[in-house]
Peer 1: 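Got a structure here, written out as structure tokens. Questions coming.
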Amino acid sequence: MIGRKRARQSHNPKRLDSLTFELLDRLPDWRQRAIEGVTITSALWSEREREIHVKPLRHVAALEHKLARRVGRCPLFSDDWATLVLPISDFPKVTQFDFSVAVSGEPVYRLSRRENCQLQVRYLRYLARNAGLCTFGFNRLEPLLVAIFAFRPGDLERELGRYRRPVRHYIRWCRKRLGFTNPVIEYLAAKYALPIDDPVFKDCQIESGKIRRLLDEETLLAHEASASQNPILALPEFLRENPSLTLDDALRLMKRLHWLLKWAHQCHVDDRAAKEFLDTYFSYGRWWPAFAWCSVPLDAPFSIEVREKREISFESPKVPYELAASWNDWRCLTARQYVSFFDAEVNHIHVRVLDDGVQLHRGGIRVKNDAYRDAAAPVDEHRSEEHYSRYDSQKSRDRRLWVECRLRQTPTRARMAYGLLAVSILAIWLLLGFGSWFYNDEARLNGADVAAILIPVTVAASLLLAPAGTTLGLRVKRRRHAALAIALFVLWLTVFCFYVMGRISIDTLHQDPP
């Protein structure tokens with residue numbers, strides 16, 4: 001059947017823009033259920049499986065008219081099947097691999113990165129028209145918007161994350177006092193050799209700051225690495241993809257973009273469409289929507305399946321380059337998952353840990369919204385040491401969520417580590433007491449005393465310090481085991497120092513019988 005043939009990349013997505021935009025606007029209308037399973041498998045990655053159950057498209061009232069206009073008139077639509085650009089899901093701009101998408105059981109291929117960004121730009125223009133904003137000359141903004149949406153913040157976020165460390169934070173503070181630029185400008189100058197001393201570049205920086213101030217922080221979290229909030233980050237991509245344009249052209253486009261966003265910002269208080277336009281623009285700096293050419297049935301339900309491995313964030317996204325970690329973040333490892341939670345009529349999410357030696361802290365699970373504030377209460381929620389699940393079907397629920405899961409060792413292993421740490425400290429205290437504070441030449445410690453203190457503690461601690469089965473287990477217990485390793489080192493160093501000082505006698509181990 002013609003409709004079942006795999007769609008080719010040579011199709012022009014612009015022909016189906018109106019239908020694709022209608023699908024994007026009405027995700028909960030044609031998606032019955034979205035189930036996302038997150039398995040934390042290591043200290044770096046989580047395995048994710050997302051399944052979306054889709055209603056028969058022809059039975060959705062909001063889509064019936066648009067589909068009827070194409071069946072029999074468009075070669076991509078037959079009586080029973082349609083080939084279209086289908087919105088798959090939204091994904092945060094983090095490192096991903098082993099990414100695969102299947103629709104109706106058949107693998108599909110996503111649009112290329114540039115085609116995807118161009119479709120995002122056209123959707124933004126569609127939202128601007130719905131909001132009654134002036135879109136005259138919007139095509140001129142396309143090169144800049146494509147560069148903004150194509151920016152990948154991974155390298156910059158890693159660079160900013162280093163400033164969380166106390167030494168780097170102090171160095172940054174000192175450099176700032178001496179008149180150096182902020183970390184983002186340093187990053188652009190170092191990696192892309194941008195002329196940061198050029199007056200035009202400084203004007204671009206000013207316009208970028210004006211755009212960022214339009215962000216509604218009650219809706220979306222401010223972030224230095226978002227190119228939508230900080231368009232100056234898109235300049236390298238803009239100049240590389242458009243060699244005929246210059247920094248002066250980029251400055252003019254930034255001014256035009258600022259004018260359009262400012263107009264929408266002035267209207268968004270009373271206009272829901274203007275607010276949707278602003279939220280979509282700023283969210284595209286942190287998220288990218290995936291689109292794919294695929295063939296789907298019109299009168300039967302089908303499913304969308306997405307599998308991937310995604311980088312885990314263990315640091316707070318609120319201020320990633322300052323010392324903003326709380327005491328709980330320092331004491332317990334917290335894995336943060338960024339998930340889409342309002343792209344279907346009903347949404348489920350499940351989080352579990354694969355390592356047998358690691359479990360979830362039931363009271364340490366927090367759920368935040370896109371602005372990193374406490375999320376609205378769900379319809380149902382389940383917490384345990386092995387599993388966390390959340391279910392919601394309310395129309396007022398948050399569009400995206402941060403799910404923070406505090407991880408810890410199993411209680412048995414944690415008690416063993418604390419017990420051995422206490423015994424090691426007690427052994428150090430005994431050695432210091434009899435070797436220094438209460439030292440007596442006539443009653444010195446002998447080899448048997450030292451062996452009785454050292455051997456049991458060292459053997460037990462070495463067994464506990466043996467490598468765990470996964471990198472996640474090693475990371476969860478690293479601080480506790482680091483303290484135990486330091487205690488063992490101090491214990492052996494104390495014995496060595498007292499022996500060199502002559503306060504430990506070993507000749508009494510082998511006394512001759514009388």
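Only a predicted model underlies this, so the values are computations on that prediction, with no experimental measurement involved. Throughout, residue positions are numbered sequentially from 1 according to the sequence presented.
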Peer 1: Apply side-chain contact (heavy atoms from CB on, under 4.5 Å) to Asp374 and Val367, showing your working.
Peer 2: CA-CA 6 Å; Asp374 290 335; Val367 181; over 6 Å; no
Peer 1: Test salt bridge (charged side-chain N to carboxylate O under 4.0 Å, His left out) on Glu115 and Arg113; report intermediate values, then the result.
Peer 2: CA-CA 6 Å; Glu115 288 177 333; Arg113 181 187 177 201; over 6 Å; no
Peer 1: Gln337 and Arg48: side-chain donor and acceptor closer than 3.5 Å?
Peer 2: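 Checked: Gln337/Arg48 side chains pair up, N/O donor to acceptor below 3.5 Å.
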Peer 1: Considering only residues two or more places apart or on different chains, which pairs with a residue in residues 254-263 satisfy side chain to side chain donor-acceptor pair (under 3.5 Å)?
Peer 2: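 Counting only pairs at least two positions apart or across chains, no side chain to side chain donor-acceptor pair (under 3.5 Å) contact touches residues 254-263.
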Peer 1: Is the closest side-chain donor-acceptor distance between Asn347 and Arg390 under 3.5 Å?
Peer 2: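 Absent: no donor and acceptor within the cut-off.
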Peer 1: Could you tell me whether the side chains of Tyr123 and Asp25 share a donor-acceptor contact shorter than 3.5 Å?
Peer 2: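 Per modelled atom types, Tyr123 and Asp25 side chains form a pair under 3.5 Å.
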Peer 1: Taking only Lys NZ, Arg NE, NH1 and NH2, and the carboxylate oxygens of Asp or Glu, determine whether Glu381 and Arg383 approach each other closer than 4.0 Å.
Peer 2: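 Salt bridge flag = yes for Arg383 with Glu381.
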Peer 1: Test your reading of the model: is there a side-chain donor-acceptor pair from Gln394 to the backbone of Ala377, 3.5 Å cut-off?
Peer 2: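 A pair under 3.5 Å: yes.
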Peer 1: With distance as the sole criterion, is a donor-acceptor pair present between the side chains of Asp90 and Tyr338 under 3.5 Å?
Peer 2: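 Tyr338 and Asp90 do not have a side-chain donor-acceptor pair below 3.5 Å.
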Peer 1: Check the pair Asp279, Leu220 against side-chain contact (heavy atoms from CB on, under 4.5 Å), reporting the backbone distance first and the verdict last.
Peer 2: CA-CA 8 Å; Asp279 291 347; Leu220 192 65; over 6 Å; no
Peer 1: Would you check, one step at a time, whether the test salt bridge (charged side-chain N to carboxylate O under 4.0 Å, His left out) holds for Asp155 with Lys191?
Peer 2: CA-CA 10 Å; Asp155 291 342; Lys191 185 167 183 179; 2.5 Å; yes
Peer 1: To the nearest 0.5 Å, what is the distance between OG on Ser303 and CZ on Arg33?
Peer 2: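 The CZ atom of Arg33 is 12.0 Å from OG of Ser303, to the nearest 0.5 Å.
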Peer 1: So, Ser228 side chain and Tyr281 main chain: donor-acceptor pair closer than 3.5 Å or not?
Peer 2: yes
Peer 1: Taking all non-hydrogen atoms of both residues, which atom of Glu36 and which atom of Ser340 are closest, and how far apart?
Peer 2: OE1-O, 4.4 Å
Peer 1: Once you round to the nearest 0.5 Å, how far does CZ of Phe97 lie from CD of Glu311?
Peer 2: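 The CD atom of Glu311 is 10.0 Å from CZ of Phe97, to the nearest 0.5 Å.
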Peer 1: Relative to the ring of Phe149, is the ring of Tyr284 parallel (under 30°), tilted (30 to 60°) or perpendicular (over 60°)?
Peer 2: perpendicular
Peer 1: Check for a donor-acceptor pair, side chain of Ser208 on one end and backbone N or O of Cys204 on the other, with a separation under 3.5 Å.
Peer 2: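 No, Ser208 side chain to Cys204 backbone: no donor-acceptor pair under 3.5 Å.
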Peer 1: To the nearest 0.5 Å, what is the distance between CD on Glu22 and CG on Leu24?
Peer 2: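 Those atoms lie 10.0 Å apart.
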Peer 1: Assess whether salt bridge (charged side-chain N to carboxylate O under 4.0 Å, His left out) is satisfied between Asp17 and Arg122, documenting all intermediate values.
Peer 2: CA-CA 8 Å; Asp17 274 357; Arg122 295 198 296 273; 2.6 Å; yes
Peer 1: Counting only heavy atoms not in Arg69, do more than 12 fall under 6.0 Å of its CZ?
Peer 2: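 No, because the 6.0 Å sphere around CZ of Arg69 holds 12 heavy atoms or fewer from other groups.
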Peer 1: How about Arg50 and Ser89: does a side-chain donor come under 3.5 Å of a side-chain acceptor?
Peer 2: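 Judged by distance alone, the side chains do pair up.
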Peer 1: Calculate, to the nearest 0.5 Å, the distance between atoms CG and CZ belonging to Asp392 and Phe341 respectively.
Peer 2: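 Those atoms lie 5.0 Å apart.
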Peer 1: Do Lys368 and Tyr372 meet the cation-pi criteria used here (NZ or CZ under 6.0 Å from the six-membered ring centre, within 45° of the axis)?
Peer 2: yes
Peer 1: Inspect the contact between Asp271 and Lys275 and indicate whether a charged nitrogen and a carboxylate oxygen are less than 4.0 angstrom apart.
Peer 2: no
Peer 1: Taking NZ, NE, NH1 and NH2 as the nitrogens, is one of them in Asp299 or Arg58 under 4.0 Å from a carboxylate oxygen of the other?
Peer 2: yes
Peer 1: With sequence neighbours left out, which residue pairs that include part of residues 136-149 fulfil the side chain to side chain donor-acceptor pair (under 3.5 Å) condition?
Peer 2: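 Output for this query lists Arg125-Asn139.
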Peer 1: Would you confirm whether Lys55, through its side chain, and Val60, through its main-chain N or O, come within 3.5 Å as a donor-acceptor pair?
Peer 2: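 Flag not set: sc Lys55 to bb Val60 has no pair under 3.5 Å.
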Peer 1: Once side chain to side chain contact (heavy atoms under 4.5 Å, CB included) is applied, do any residues pair with Leu278, and if so which ones, sequence neighbours excluded?
Peer 2: Leu261, Ala264, His265, His268, Phe282
Peer 1: When you compare the side chain of Leu333 with that of Phe314, does any pair of heavy atoms fall below 4.5 Å?
Peer 2: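 Phe314 reaches Leu333 side chain to side chain.
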Peer 1: As an exercise, state the distance from CD1 of Ile52 to CD1 of Ile88, rounded to the nearest 0.5 Å.
Peer 2: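 CD1 of Ile88 is found 7.5 Å from CD1 of Ile52.
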Peer 1: Quick check against the 3.5 Å criterion: does Gln229 have a side-chain atom that pairs as donor or acceptor with the backbone of His223?
Peer 2: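 Yes, because the side chain of Gln229 sits within donor-acceptor range (under 3.5 Å) of the backbone of His223.
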Peer 1: Rounded to the nearest 0.5 Å, how far apart are CG of Leu27 and CZ of Arg399?
Peer 2: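 Output value for this atom pair is 8.5 Å.
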Peer 1: So, Glu345 and Gln32: side-chain donor and acceptor under 3.5 Å apart, yes or no?
Peer 2: no
Peer 1: Could you tell me whether Arg310 sits above the aromatic face of Trp45, with NZ or CZ closer than 6.0 angstrom to the six-membered ring centre and within 45 degrees of the axis?
Peer 2: no
Peer 1: Test your reading of the model: is there a side-chain donor-acceptor pair from Trp30 to the backbone of Leu23, 3.5 Å cut-off?
Peer 2: yes
Peer 1: For Arg70 and Ser18, does a side-chain donor sit closer than 3.5 Å to a side-chain acceptor?
Peer 2: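 Side chains of Arg70 and Ser18: pair found under 3.5 Å.
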Peer 1: Short question: side chain of Ser104, backbone of Glu106 - any donor-acceptor pair under 3.5 Å?
Peer 2: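 No, the answer is negative, given that no donor and acceptor are paired below the 3.5 Å cut-off.
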Peer 1: What I want to find out is whether Arg31 reaches Asp343 closely enough, with some N-O distance under 4.0 Å, to be called a salt bridge.
Peer 2: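 Salt bridge present between Arg31 and Asp343.
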Peer 1: Test your reading of the model: is there a side-chain donor-acceptor pair from Thr39 to the backbone of Thr41, 3.5 Å cut-off?
Peer 2: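 Checking the backbone N and O of Thr41 against the side chain of Thr39, no donor-acceptor pair under 3.5 Å is found.
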Peer 1: Would Arg286 and Glu157 pass as an ion pair if we require N to O under 4.0 Å?
Peer 2: yes
